[in-house]
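Please read the structure below before turning to the comments.
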Amino acid sequence: MFRQSALGVVAAGAALALLTACGAGPGSARGAAAGDGRPGELVFAAIPSEQSDNLEASFAPIVSALTKQLGVPVRFQAVTSNAAVVEAQVAKRVDIAVYGAFSYYLARSRAAVEPVAVPLAAPGGEPGAYAYGVTRGDDRSITALKDAAGKDVCFTDPGSTTGYLQPLASLREAGVDVDKDVKTVFTHGHDTAVASLLAGDCDLAFVGDVFVDQLLPARGLLKPGQVGKVWTSPLIPGPPIVVGTWLPQDVRDKISKAVTGLTAAGAASAGLCKGSEIKGPKAWGQYAGAPACTLGTSTAWTFVKATDATYQPIARICEVTKAEVCTSGG
């Protein structure tokens, strides 16, 4: 009870600070509305990330593209938490925001918002990630999730979608009760989950696809044949760009067009991140090594259109697991 109350106080305080920063009265900080009721300024909010040292600079190419497309100023606002952004959108003080998929799941029932775009990590890729269930390469005792019963299972962290929540939902759907049928081991990291599996601390480990497919092999920590994939999750959608439906439809359409028409390399060519370009990662294929801009806090290539249906996998996870994150925010 205390934990929930404390979280509520923090979220409320952060939201109040954001509302104050955005202006308490109509048109005070957002810019005067035009004669047809259209805003003279839009507010774009995002939360800090360990992947970005300068949050505003990370989103600057997106903000510039939006300003050009919309023809009105777009003001960036850094916010302390997902919950604070949601509260600000409930109050209609933030027009455009980026927050976690679970936070969107919560926001959709409280705020007048809709997702318009989701990041794509690489050209030709998919807008999200997968979770893998992996075993040691020589282990043939587990070939499907139902075989996890009676085994030691490594998860990453209770708050991880790929490392716990989606696997938890899928195990339950396969008839495995994690609380009764398996010995649970939390490793607090995807790399440590694989290391624990290889060390014999568990029989099955759940990790994000990028760790098995790219990161651990690139670091020399996973050799071919050391693990075998016995399960792949449904696609887990990435963090959406969410807009307020109080904005006119043509404005929302322009926001979607601006972000889905932007690529990291194209943004650099257009001079949207002069002096702070990055080199495209290997996953970008022909664009690997090319000058590029950061598009938010992850190394996204571009954005693709998203709708509420894009986030049905999150609704399914919450329906099956009743996880705390589904009621307290992600």
Side-chain angles (χ1 to χ4, degrees), residues 3-4 7 82-83 99-109 118 126-136 139 141-213 215-216 227-240 309-330:
R3 181 176 180 272
Q4 289 180 338
L7 285 173
N82 282 320
Y99 42 70
F102 275 95
S103 291
Y104 168 67
Y105 172 78
L106 293 178
R108 64 203 277 269
S109 64
V118 60
E126 294 184 277
Y130 292 93
Y132 288 159
V134 296
T135 61
R136 288 181 297 279
D139 186 353
S141 67
I142 301 175
T143 60
L145 290 185
K146 62 181 178 60
D147 300 328
K151 305 292 186 179
D152 296 345
V153 179
C154 281
F155 298 103
T156 60
D157 184 271
S160 171
T161 309
T162 52
Y164 181 64
L165 294 166
Q166 177 62 71
L168 176 63
S170 294
L171 283 165
R172 288 187 178 176
E173 290 177 320
V176 178
D177 186 333
V178 170
D179 294 328
K180 299 177 181 178
D181 299 334
V182 306
K183 179 183 176 182
T184 297
V185 180
F186 283 111
T187 66
H188 305 292
H190 293 262
D191 51 350
T192 49
V194 173
S196 295
L197 173 73
L198 296 178
D201 296 332
C202 54
D203 307 299
L204 174 67
F206 291 101
V207 295
D209 59 350
V210 68
F211 289 87
V212 173
D213 292 342
L215 298 181
L216 294 179
V227 300
K229 284 185 284 185
V230 298
W231 172 78
T232 300
S233 74
L235 183 69
I236 301 166
T310 307
Y311 291 87
Q312 284 307 300
I314 303 299
R316 181 62 179 162
I317 290 172
C318 288
E319 177 185 333
V320 173
T321 66
K322 312 297 183 186
E324 182 182 356
V325 71
C326 298
T327 56
S328 63

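As a basis for the values below, the full set of heavy atoms in this structure was taken, side chains included, without hydrogen atoms, waters or symmetry mates.
Under a 3.5 Å cut-off, the side chain of His190 and the backbone N or O of Phe211 do not form any donor-acceptor pair. A distance-only check finds a donor-acceptor pair linking the side chain of Tyr311 to the backbone of Gly238 [under 3.5 Å]. Between the side chain of Thr192 and the backbone N or O of Thr187 there is at least one donor-acceptor pair closer than 3.5 Å.
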### Task
Given side-chain contact (heavy atoms from CB on, under 4.5 Å), test Asp157 with His188 step by step and report yes or no.
CA-CA 5 Å; Asp157 184 271; His188 305 292; 3.6 Å; yes
### Message
Is there a side-chain contact (heavy atoms from CB on, under 4.5 Å) between Val185 and Asp201? Walk through the geometry before answering.
### Response
CA-CA 8 Å; Val185 180; Asp201 296 332; 5.6 Å; no
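Each of Asp181, Leu168, Asp147 was compared with Val176 under the side chain to side chain contact (heavy atoms under 4.5 Å, CB included) criterion, and only Asp181 meets it. Of the residues listed (Gln166, Arg316, Arg172), the one engaging Thr321 in a side chain to side chain contact (heavy atoms under 4.5 Å, CB included) is Arg172, and it is the only one. Just one residue in the list Thr232, Asp213, Thr162 forms a side-chain hydrogen bond (donor to acceptor under 3.5 Å, both in side chains) with Tyr132, and that residue is Asp213.
The side-chain heavy atoms of Leu204 and Lys151, taken from C-beta on, include no pair separated by under 4.5 Å. Between Val178 and Val153, the closest side-chain pair of non-hydrogen atoms is not below 4.5 Å. Side-chain contact between Thr143 and Thr135 is absent, with no heavy-atom pair separated by less than 4.5 Å. A heavy-atom distance below 4.5 Å is found between the side chains of Pro127 and Leu235.
Using a cut-off of 4.0 Å between Lys/Arg side-chain N and Asp/Glu carboxylate O, Arg136 and Asp203 are scored as salt-bridged.
Taking the six-membered ring where tryptophan is involved, the planes of Phe206 and Phe155 are essentially parallel, since the angle between them stays under 30° and well short of 60°.
What you find for Tyr105 and Arg108 is that their closest heavy atoms are O-CG, 3.0 Å. Here the closest heavy-atom approach between residue Ala174 and residue Leu145 is recorded as CB-CB, 3.9 Å. Here the shortest heavy-atom pairing between Ser170 and Trp231 reads OG-CZ2, 3.2 Å. Closest of all the heavy-atom pairs between Cys326 and Leu106 is O-CD2, 2.7 Å. Considering all non-hydrogen atoms of both residues, Phe102 and Cys318 come closest at CE2-SG, 3.6 Å. Here the closest heavy-atom approach between residue Asn82 and residue Ser103 is recorded as CB-OG, 3.1 Å.
Note: Tyr164 and Phe186 meet the aromatic proximity criterion, with ring centroids under 6.0 Å apart.
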